[in-house]
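Start at 1 and go down the list; that is how both ligands and their atoms are numbered.
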Amino acid sequence: MKKRVAILISGRGSNMTALIAAASTEDYPAEIALVVSNRPDAAGLHRARADGIPTAVIDHTQFGGDREAFEQALDRKLGEYRIDIVCLAGFMRLLTPWFVERWSGRMLNIHPSLLPRFKGLDTHRRALAAGVKRHGATVHFVVPEMDAGPIVLQDSVAVLENDTEQTLAARVLELEHQIYPRALRAVAQGLTKV
Ligand code: GRF
């Protein structure tokens, strides 16, 4: 039985697209059963619909700052679709410990740095400023602390002399599109190391 996966997005959804493409192959151990966005205008929603994936919008602004009510609506939606694994892919909401605990060991995130370095935002700019020679991306299980949690897979690229934030981000994004499908495959197969 393939694992049923929901991808949570807030924006363009290029990692989502990579996961959908990987999961469209017959031998992949997971199927993308749902894409959820907290923003009605997320570009990724169009792409998911074009690929025939069910989508849902749970607009956090409709919950008047009540994070738990938002997450309960989200959790109900995931239940409706009998979701086994949640993949955060550019989902720009912090999740409460309640939701994180509920999905503990079943929720992945991708972060554009070699964790534990450069948690948070603007990772490429900060990596350039720090002068690191390699930079990359990490897929990890989600725990209550942001950008922490057991690492499933990470990979890196060389930082080049003339890299800008944009060129570095583009190379890391390509890497993200490779490692997220591999990490999800491993997790769906019940392996945590790739
Ligand atoms: C990616 O860089 C991901 O690592 C980060 O947010 C970005 C989302 O990009 N968490 P996309 O929406 O998948 O194109």
Side-chain angles (χ1 to χ4, degrees), residues 5-24 30 32-51 53 55-60 74 85-95 99-100 103 106-130 132 134-157 159 163-187 194:
V5 172
I7 305 175
L8 272 50
I9 63 168
S10 300
R12 70 186 161 185
S14 71
N15 278 288
M16 172 207 77
T17 301
L19 290 171
I20 291 173
S24 69
I32 310 306
L34 179 66
V35 168
V36 183
S37 173
N38 66 306
R39 298 183 53 124
D41 60 350
L45 284 171
H46 302 286
R47 183 56 204 254
R49 288 184 195 124
D51 286 333
I53 311 288
T55 60
V57 173
I58 303 177
D59 182 351
H60 65 276
L74 180 57
I85 298 172
V86 172
C87 289
L88 307 182
F91 184 68
M92 301 304 285
R93 299 295 296 166
L94 287 177
L95 295 163
F99 188 86
V100 173
W103 288 91
R106 302 182 292 153
M107 180 156 58
L108 297 173
N109 180 44
I110 187 156
H111 182 75
S113 80
L114 288 171
L115 290 174
R117 291 212 73 180
F118 310 121
K119 297 179 178 185
L121 298 174
D122 297 326
T123 56
H124 309 304
R125 185 173 54 69
R126 288 158 55 212
L128 287 174
V132 294
R134 296 196 73 83
H135 181 49
T138 305
V139 179
H140 63 95
F141 283 103
V142 178
V143 295
E145 189 194 332
M146 191 184 64
D147 299 329
I151 291 173
V152 179
L153 182 59
Q154 61 185 180
D155 204 354
S156 67
V157 290
V159 178
D163 257 330
T164 64
E165 199 179 335
Q166 287 72 26
T167 58
L168 184 56
R171 267 200 331 288
V172 170
L173 191 62
E174 265 178 49
L175 201 62
E176 294 183 39
H177 298 162
Q178 293 165 19
I179 68 171
Y180 213 169
R182 282 174 51 205
L184 175 59
R185 173 190 284 276
V187 170
V194 187

- Can you tell me if CE on Met92 sees more than 12 non-hydrogen neighbours from other groups inside 6.0 Å? no
- Distance to 0.1 Å, residue and atom name: give those for the protein heavy atom nearest to atom 13 (O) of ligand 1. Asn15 N, 2.8 Å
- What is the distance from atom CD1 of Ile179 to atom CG of Asp155, rounded to the nearest 0.5 Å? 6.5 Å
- protein heavy-atom neighbour closest to atom 3 (C) of ligand 1 works out as Glu176 OE1, 3.1 Å
- So which protein heavy atom does atom 10 (N) of ligand 1 come closest to, and at what separation? Ile110 O, 3.0 Å
- Message: Pairs of nitrogen or oxygen atoms closer than 3.5 Å, one from Leu173 and one from ligand 1: do any exist?
- Response: no
- Message: Working to the nearest 0.5 angstrom, can you tell me the gap between Phe99 CZ and Leu94 CG?
- Response: 13.0 Å
- Query: For the ring pair His140 and His111, is the centre-to-centre distance below 6.0 Å?
  - Reply: no
- Query: What atoms of ligand 1 come within less than 4.0 Å of a heavy atom belonging to Arg12?
  - Reply: 9 (O), 11 (P), 12 (O), 14 (O)
- protein heavy-atom neighbour closest to atom 6 (O) of ligand 1 works out as Gly90 CA, 3.6 Å
- Task: Say whether, by atom type as modelled, one donor and one acceptor occur between the side chain of Ser37 and the main chain of Pro40 under 3.5 angstrom.
- Result: no
- Query: Taking N or O atoms only and a 3.5 Å limit, does Ser14 qualify as a polar contact for ligand 1?
  - Reply: yes
- Any idea which protein heavy atom is nearest atom 12 (O) of ligand 1, and the distance to it? Gly13 N, 2.9 Å
Which donor-acceptor pairs under 3.5 Å do side chains of residues 116-123 form with protein atoms, sequence neighbours excluded?
unit_1 : atom_1 : unit_2 : atom_2 : d
Lys119 : NZ     : Glu145 : OE2    : 3.2
Asp122 : OD2    : Arg125 : NH2    : 3.1
Thr123 : OG1    : Pro112 : O      : 2.8

